[in-house]
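First the structure, in the form of structure tokens, and then the observations on it.
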There are 2 protein chains.
Amino acid sequence: MTETARISRIPKARRQQIRQANETAILQAAEKVFAEAGYGGATMQLIADMAGLPKANLHYYFPTKEALYRRVVQNIFEIWLRAADSFDQAPGPVEGIGAYIDAKMEISRRHPDGSKVWASEVMHGAPVIQDYLETTLRDWTEGRTAHIRRWIDEGRMAPVDPQHLLYMLWATTQHYADFGHQIETLNGGRPLSDRDWQKAKDTVKAIILRGIGATGSDT
Amino acid sequence: MTETARISRIPKARRQQIRQANETAILQAAEKVFAEAGYGGATMQLIADMAGLPKANLHYYFPTKEALYRRVVQNIFEIWLRAADSFDQAPGPVEGIGAYIDAKMEISRRHPDGSKVWASEVMHGAPVIQDYLETTLRDWTEGRTAHIRRWIDEGRMAPVDPQHLLYMLWATTQHYADFGHQIETLNGGRPLSDRDWQKAKDTVKAIILRGIGATGSDT
DNA sequence: ACACAACCTGACCAAGCGGTCAATAAAATT
DNA sequence: AATTTTATTGACCGCTTGGTCAGGTTGTGT
């Protein structure tokens, strides 16, 4: 480990360091504001205040409101794609779908704002990420439905329509983020506890895995 | 049937007639615009254009943007509550929950804009219908969970957590409205056909009813 | 026919918006 | 130390927004 690396790039890359710090601060603030107010309701001023920067500085890092918004949406999309890994390297539907549910529920818990921004974007007709839907998401979906079809052919689960099964998984898991406020209200105004989240996961997995007649890897 | 009633109140209630026509035109346009652009992104001008009225006329019927929005949200809420009737007068979970899924899927198909407005409202923290969540919706939910618990006690379905089951029903059915654009994109850019909708309903019902181990009314 | 109330609307306004820019400060390079 | 590059910011601008209002029009009761 060289000295410059150990002291974390004092002279040269301090610029980059500051730049990245400001960018992430802005992105975090933006995610929250976009989630709470929607794209139209969000203001650059509010994002700037929340990030602790003057408004003009935002436009130095992100030229327009739309550019900033686009980055926020892309970040979320990548997090979601990463959750798909659980799906792939699984011997059977119980492990694969079970792990996928766990992963997506965890995302709903840790990144509720991101989920809301995504939902809002799609609800409004996906004005900025339509191409993602048509390319990356479509490819991803086709791969997964093929996977599910294989499980069905192997008799490891009931012959349910893979597409609608995927929709169900998305809907159910993301609901805990997008409608978190409603759930919290019905929970007596208190956020879900660790135990509540565990119960949510267990219930969702139980119903869906039994619903598709899934069997474990042991044949 | 009197003459005045037959000719549908020509002299007296023509005012009311016009009033109601304009109000519903405004409300329909507002629902669409709020759904497509969100509360912050929607403009009174656009709503007025879509309703075929000058903007100032909107403010004659609805004093403020928020008042108009509130009415839109309330209308949707009432439609949803009415879908609950299917739940009540049912002998067992297969009929009750099955009919409820059918009803909510039909709402997602017929009133996608309303569903989106509701989703948006809740996602943004329910700023205008928080009281509804705390009163009407909470009462409704408690009644339904009690119903489900009874079914469980009677051995008509597996002992799943009723609250999370309800969330699953809401999430899955509303997903077809709120994320309709995404579904349409993954469907090759075409809206779901009659057969697609039927398949969606059947798949959702099959997975959930099997998932909760529901049995029909015949014991 | 008259008077009164309800309805309609073009023109207007203050406020807030996204975005710009010139001037300044800080850091890196020479 | 000088100079160039990068980062920062208060002040500002054109434009759109929700909302107002005076004056005109239409419908209703007498």
Side-chain angles (χ1 to χ4, degrees), chain A residues 3-5 7-27 29-31 33-34 36-73 124 127-128, chain B residues 3-5 7-27 29-31 33-34 36-73 124 127-128:
Chain A
E3 193 188 9
T4 58
I7 318 183
S8 181
R9 315 172 191 90
I10 285 182
K12 198 173 183 179
R14 177 156 176 199
R15 280 260 163 82
Q16 274 194 15
Q17 188 179 337
I18 292 176
R19 184 168 198 101
Q20 194 171 353
N22 280 342
E23 271 191 8
T24 60
I26 293 171
L27 284 170
E31 180 176 292
V33 173
F34 281 133
E36 287 176 357
Y39 179 81
T43 69
M44 296 297 270
Q45 186 64 64
L46 190 57
I47 296 172
D49 291 348
M50 196 160 291
L53 294 165
K55 195 188 72 169
N57 210 352
L58 254 67
H59 285 96
Y60 176 74
Y61 285 101
F62 300 92
T64 66
K65 186 184 180 183
E66 192 187 310
L68 174 55
Y69 174 73
R70 189 184 292 267
R71 275 284 301 273
V72 170
V73 173
H124 297 10
V128 318
Chain B
E3 192 188 6
T4 57
I7 319 181
S8 182
R9 314 173 193 89
I10 285 182
K12 198 173 181 181
R14 178 155 178 202
R15 280 260 163 82
Q16 274 193 17
Q17 189 179 336
I18 292 175
R19 184 170 198 99
Q20 194 172 352
N22 281 340
E23 270 191 7
T24 60
I26 293 171
L27 285 170
E31 180 175 291
V33 173
F34 281 134
E36 288 176 356
Y39 179 81
T43 69
M44 296 297 271
Q45 186 63 64
L46 189 58
I47 295 172
D49 292 347
M50 196 160 291
L53 293 166
K55 196 188 72 169
N57 211 351
L58 254 67
H59 285 96
Y60 176 74
Y61 286 101
F62 301 92
T64 65
K65 184 183 181 184
E66 191 186 312
L68 174 55
Y69 174 74
R70 189 183 293 264
R71 275 284 301 273
V72 171
V73 173
H124 297 6
V128 318

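Order of the sequence lines sets the chain letters (A, B, ...), proteins ahead of strands, with each chain counted from 1.
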Members of residues 50-58 of chain A that approach DNA chain C, where some heavy atom sits under 4.0 Å away: A:K55, A:A56
Note, B:L68 side chain near B:L27 side chain (heavy atom, < 4.5 Å): yes
Spacing of A:Q16 atom CD relative to C:dA28 atom P, expressed in whole Å: 11 Å
Separation of D:dT6 C1' from A:N22 CG (nearest whole Å): 13 Å
A:I26 CD1 - D:dA7 C1' separation (whole Å): 12 Å
Over all atoms of both residues, closest heavy-atom pair of A:L53 and A:N57: CD2-ND2, 3.7 Å
Is there any protein nitrogen or oxygen under 3.5 Å from a nitrogen or oxygen in nucleotides 22-26 of chain D, and what are the pairs?
from: D:dT26; atom 1: O2; to: B:R15; atom 2: NH2; distance (Å): 3.1

Distance test, side-chain N/O of B:Y60 to OP1/OP2 of C:dC8, below 4.0 Å: no
Spacing of A:Q17 atom CD and A:N22 atom CG [to the nearest 0.5 Å]: 11.0 Å
A:R19 vs D:dT6: side-chain N/O to OP1/OP2 distance below 4.0 Å: no
Separation between CE of B:M44 and NZ of B:K65, rounded to the nearest 0.5 Å: 8.0 Å
Within residues 41-48 of chain B, residues whose heavy atoms come under 4.0 Å of DNA chain D: B:A42, B:T43, B:M44
Where A:I47 and A:A29 come nearest, the two heavy atoms and their spacing: O-CB, 3.7 Å
Sugar-phosphate, base or nothing in reach of B:Y61, heavy atoms under 4.0 Å: sugar-phosphate
Value rounded to 0.5 Å, distance of OG1 in B:T24 from CD in B:E31: 12.0 Å
B:E23: partners by side-chain hydrogen bond (donor to acceptor under 3.5 Å, both in side chains), with sequence neighbours left out: none
Ring pair (Phe, Tyr, Trp, His ring centres under 6.0 Å): pairs with one or both residues in residues 45-72 of chain B, sequence neighbours excluded: B:F34-B:Y69, B:Y39-B:Y69
Protein-nucleotide distance (B:E23, atom CD; C:dC8, atom C1'), rounded to Å: 15 Å
A:A51 to A:A25 - nearest heavy-atom pair and separation: CB-O, 3.9 Å
side-chain hydrogen bond (donor to acceptor under 3.5 Å, both in side chains) involving B:R71 - partner list, sequence neighbours excluded: none
Atom-to-atom span, CG of A:L68 to P of C:dG19 - whole angstrom: 10 Å
Closest heavy-atom pair and its distance - A:P54, A:A48: C-CB, 4.1 Å
Protein-nucleotide distance (B:K65, atom NZ; D:dG19, atom P), rounded to Å: 8 Å
